[in-house]
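Contents: one structure, followed by commentary.
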Amino acid sequence: MSYWSLYFLAKVGMHYSGKIALQWSLNLLLLAFLVWPIASRRWQRARLALALPVAVVLFYRESYLPRPERVWSQLSALSSFSADYMLELVQRLVKPMEVAAAVVVLLLYSALAKHIRFSAIAVLAIVSVPLSVLMQPDAGGGTTAGMAPAVQPSAGPAGTAPVAVANDPDSQLKAFYAAESQRKLVLSAGGQTPPFDLLVLNICSLGWDDMDFVGMRNHPLMQRFDAVFTQFNTATSYSGPAMIRLMHGTCGQMPQKAMYGDLDPECYTFPSLEKIGYRTQGLLNHVGTFEGYGKSVEKFGSLTGKMVDSSKAPVHMQSFFGTPIYNDYALLSQWWKDRQTLGAQPVALFYNGISLHDGNLVPGLSSRNSIDTFKPRLATFLADLDKLLNDLEATGRPVVVMLVPEHGASLRGDKLQIPGMREIPGPRITLVPAAIKIIGGKSSAPRQGPVLVDQPMSFFGLFTLINDLMGNSPYAENARPMSARVQGLPTTQLVSENEDLVVMGNQAQGYQLRLGNGGWVPYGQ
Ligand SMILES: [Zn+2]
């Protein structure tokens with residue numbers, strides 16, 4: 001058996017610490033195959049040649065890694081990263097203490113293997129896995145048996161009946177998407193000119209959990225908003241899909257696979273804004289070349305020829321692949337100045353900022369590690385936003401600011417992901433501080449901080465609120481207060497996706513993760 005027992009024991013250990021889902025019966029089979037006495041040297045070698053790839057494939061299937069094609073495509077994206085960011089990632093992955101511990105275990109194992117029958121211990125360890133499941137109070141086989149439905153499919157638009165709640169997660173997911181596909185919001189300002197400009201701030205790498213992690217959840221800037229969404233789900237943990245979901249935000253949530261096919265043209269947010277009288281514009285604080293981001297914004301936002309040039313703005317840091325990142329405040333305050341020359345037609349701006357992305361190099365800070373640099377970068381960003389809000393307020397022109405981050409930074413990481421890794425779209429990454437602020441007109445009435453919206457919500461709920469503000473001007477005499485407007489906004493239960501990984505559920509009943517192989521496992525963080 002040589003070192004094979006260590007392979008099984010290590011996997012059982014990883015199973016109990018929640019890092020893999022051990023397939024105990026296949027492991028027992030493999031172990032039996034390995035311990036079967038064979039005299040011939042040649043046959044022993046043949047057995048080893050067969051067992052090694054089987055062991056690797058089995059381990060891969062038990063891990064929570066996405067399918068190999070996905071891993072491969074992600075690895076090829078790494079080639080565009082700068083060398084010192086790659087080094088930074090390797091340092092996060094390989095912890096000296098863990099390497100030292102592994103060496104100690106290996107030495108101990110070698111020394112003790114002559115005296116202790118580790119193969120017998122390995123058998124007992126593997127068998128303990130099904131036994132431990134049987135001993136659980138509500139054991140019943142299958143990971144989801146006995147579990148309450150994690151997702152209550154959200155009610156459709158007014159007038160449609162809620163869908164029956166299914167028990168197994170695949171049916172729940174199907175029911176969720178069936179209900180979401182019925183949702184469509186037709187933007188309308190009641191036939192009038194929309195009463196305000198709309199500034200959409202789509203910020204990369206800012207989650208509630210990141211703000212918690214650096215102790216800035218209750219930053220005074222958040223108090224300046226009129227509505228703050230504490231359970232806003234971006235439904236993804238990567239920039240490209242996040243932008244597409246935002247640009248498609250006037251319709252219900254669609255499966256990730258549908259996003260790159262033919263979409264209903266009436267679901268496109270920015271063309272819909274244009275239809276009701278907006279001049280639309282786009283602005284990025286970066287060059288937009290990574291994974292064709294800029295081109296996608298033009299495509300999904302219908303913003304070709306409407307992108308504002310950012311290349312003259314001051315550079316305040318370098319991205320993880322070595323390109324300039326422009327100062328958020330400089331760009332946005334300049335845009336606002338230029339906007340004043342554009343006349344009365346309301347303007348809707350899509351702004352994308354990546355100042356908080358992992359691996360950015362900030363002048364004066366030697367580290368690229370977000371653990372060191374995120375807090376000062378966030379402080380700068382929030383101060384910039386604060387100054388921008390002052391500028392917006394100073395002109396008196398009515399404008400609604402929509403803060404809607406793309407996804408969190410995964411600053412804390414979790415059991416399955418190192419800090420900064422966002423492959424599994426867990427709630428710590430996809431729940432972000434979305435917020436709305438109404439500026440100008442008569443909106444300066446004294447108020448007591450923002451209205452908190454703590455229902456599960458996504459883009460559809462956010463745009464329903466924007467639509468309400470457009471149709472029932474917040475600047476009118478006796479305008480409805482925000483607290484009344486957020487009542488009854490359409491909720492969206494948490495379902496988040498990346499390629500073939502899906503996370504769904506809620507905090508009370510727990511989250512479930514669908515793996516690349518289609519199986520579901522409970523997703524603890
Ligand atoms: Zn992003």
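Just so you know, these numbers use all the heavy atoms, side chains as well, and skip hydrogens, waters and symmetry mates. In listed order, ligands and their atoms are each counted from 1. By convention here, the first residue in the shown sequence is residue 1.
For the Zn ion (ligand 1), the N/O/S atoms of Ser239 include one lying under 2.8 Å.
An angle of 110° is found at the Zn ion (ligand 1) between Cys204 atom SG and His407 atom NE2, rounded to 10°.
Using a 30° and 60° split on the angle between ring planes, His286 and Tyr293 fall in the tilted class, from 30° to 60°. Under the 30°/60° scheme for interplanar angles, the aromatic rings of Phe320 and Phe290 are found to stand perpendicular.
Taking the charged nitrogens against the carboxylate oxygens, Lys19 and Glu62 have no contact shorter than 4.0 Å, which rules out a salt bridge. Glu393 and Arg224 are joined by a salt bridge, as a carboxylate oxygen and a charged side-chain nitrogen come within less than 4.0 angstrom of each other.
With respect to the Zn ion (ligand 1), Glu406 has OE1 as its nearest N, O or S atom.
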